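Some notes on the structure that comes next.
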Amino acid sequence: MAYAYDDQNIFAKILRGEIPNDTVLETGHCLAFRDIAPQAPDHVLVIPKGAYVTYDHFATEASDAEILDFARTVGRICDMLGVSPGDGGAGYRIIANTGANGVQDVPHLHVHILGGRVLGRMLPKAG
Ligand code: 5GP
């Protein structure tokens, strides 16, 4: 695995405090903040603090503590947003756009947590 991490990406700047963000939750290894251009009433990004480009990069090279914190943080955000079906919420979607085919704009791993409205089909049907 050969990922080169660009430390000038916008989320790296947010993590360094060079750009403000609307933080929802900060943990030892993660930051969760509202997307600047929300595509649903609830739209939160969860990122690891470590320099990982994609989910597969993170899953392969991150420590167990980082991976556990990331997974728990996603769960805590769903809880905080009130979207978990297990607690009577109406549900949500988690997306990790990756690479060129995934149309990833920011090369620092992030998952989008979207909720607050019906989100439609995952992908348009192939033509
Ligand atoms: P991607 O296409 O890489 O999955 O999504 C990147 C996301 O980052 C987009 O939804 C975009 O609105 C969001 N974004 C880009 N720049 C900023 C920023 O400076 N602050 C915040 N909070 N979100 C950003």
Side-chain angles (χ1 to χ4, degrees):
M1 179 161 295
Y3 277 110
Y5 181 79
D6 170 15
D7 67 5
Q8 293 306 306
N9 78 75
I10 199 98
F11 294 167
K13 292 179 180 178
I14 284 176
L15 285 167
R16 290 196 295 267
E18 296 167 10
I19 293 175
N21 73 92
D22 184 0
T23 297
V24 179
L25 181 67
E26 182 169 7
T27 69
H29 295 290
C30 298
L31 184 68
F33 54 98
R34 295 196 181 278
D35 195 291
I36 202 166
Q39 296 187 36
D42 298 313
H43 188 168
V44 174
L45 302 171
V46 181
I47 67 174
K49 291 182 177 176
Y52 303 104
V53 180
T54 66
Y55 192 94
D56 60 279
H57 185 202
F58 178 71
T60 303
E61 296 192 0
S63 67
D64 290 358
E66 288 174 294
I67 292 170
L68 180 62
D69 190 12
F70 189 77
R72 294 277 194 222
T73 299
V74 169
R76 286 175 68 187
I77 295 300
C78 293
D79 187 38
M80 291 169 74
L81 296 174
V83 296
S84 169
D87 289 325
Y92 58 90
R93 181 169 296 154
I94 296 172
I95 298 172
N97 297 317
T98 305
N101 278 6
V103 194
Q104 179 178 8
D105 289 329
V106 181
H108 181 112
L109 168 61
H110 51 286
V111 295
H112 300 252
I113 302 174
L114 297 144
R117 68 169 172 82
V118 176
L119 295 162
R121 295 253 169 230
M122 183 173 70
L123 293 171
K125 288 191 175 154

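Just so you know, ligand 1 is whichever comes first in the structure, and atom 1 is the first atom listed for that ligand. This one's a predicted model, so the numbers in the text were calculated from it and none came from an experiment.
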To the closest 0.5 Å, what do you measure between CG (Leu114) and CD1 (Ile95)? 5.0 Å
As an exercise, state the distance from NE2 of His110 to CG of Asp35, rounded to the nearest 0.5 Å. 8.0 Å
Based purely on interatomic distance, does His112 place a nitrogen or oxygen under 3.5 Å from a nitrogen or oxygen of ligand 1? yes
Going by atom types only, do Tyr3 and Thr54 share a side-chain donor-acceptor pair under 3.5 Å? yes
Per-residue contact class, Arg34 against ligand 1 - non-hydrogen pairs under 4.0 Å: backbone
In this structure, atom 17 (C) of ligand 1 is nearest to the protein heavy atom Ile36 CG2, 3.7 Å
Considering the heavy atoms of Asn97, write down every atom of ligand 1 situated less than 4.0 Å from one of them. 1 (P), 2 (O), 4 (O)
Using the ring of each side chain (for Trp, its six-membered ring), is Tyr52 parallel, tilted or perpendicular to His57, with breaks at 30° and 60°? perpendicular
What pairs with His108 under ring pair (Phe, Tyr, Trp, His ring centres under 6.0 Å), at least two apart in sequence or on another chain? Tyr5
Provide the number and element of each atom of ligand 1 under 4.0 Å from a heavy atom of Val103. 2 (O)
May I ask you to decide if Ala71's main-chain N or O and Thr73's side chain share a donor-acceptor pair within less than 3.5 Å? no
List ligand 1 atoms under 4.0 Å from Ile14, heavy atoms only on the residue side. 20 (N)
Indicate yes or no for a side-chain donor-acceptor contact from Gln104 to the backbone of Leu109 under 3.5 Å, with no hydrogens or angles considered. no
Any N or O on Phe33 sitting closer than 3.5 Å to an N or O of ligand 1? no
Specify the protein heavy atom at minimum distance from atom 6 (C) of ligand 1: its residue, its atom name, and the distance to 0.1 Å. His110 NE2, 3.6 Å
Nearest protein heavy-atom contact for atom 12 (O) of ligand 1: which residue, which atom, what distance? Asp35 OD1, 2.5 Å
Honestly, for Ile95 the part within reach of ligand 1 (heavy atoms, under 4.0 Å) is neither
Which of the numbered atoms in ligand 1 are below 4.0 angstrom from a heavy atom of Ala37? 12 (O)
Sequence neighbours excluded - side chain to side chain donor-acceptor pair (under 3.5 Å) pairs with any residue from residues 13-31: Arg16-Glu18, Asn21-Thr23, Glu26-Lys49, Thr27-Asp69
Any N or O of Ile10 that comes nearer than 3.5 Å to an N or O of ligand 1? no
If you have a sec, work out which protein heavy atom is nearest atom 8 (O) of ligand 1 and how many Å separate them, to one decimal? Phe11 CZ, 3.4 Å
Would a distance-only check, ignoring hydrogens and angles, find a side-chain to backbone donor-acceptor pair under 3.5 Å from Glu66 to Ser63? yes
With heavy atoms only and a cut-off of under 4.0 Å, state how Asp105 meets ligand 1: side chain, backbone, both or neither. both
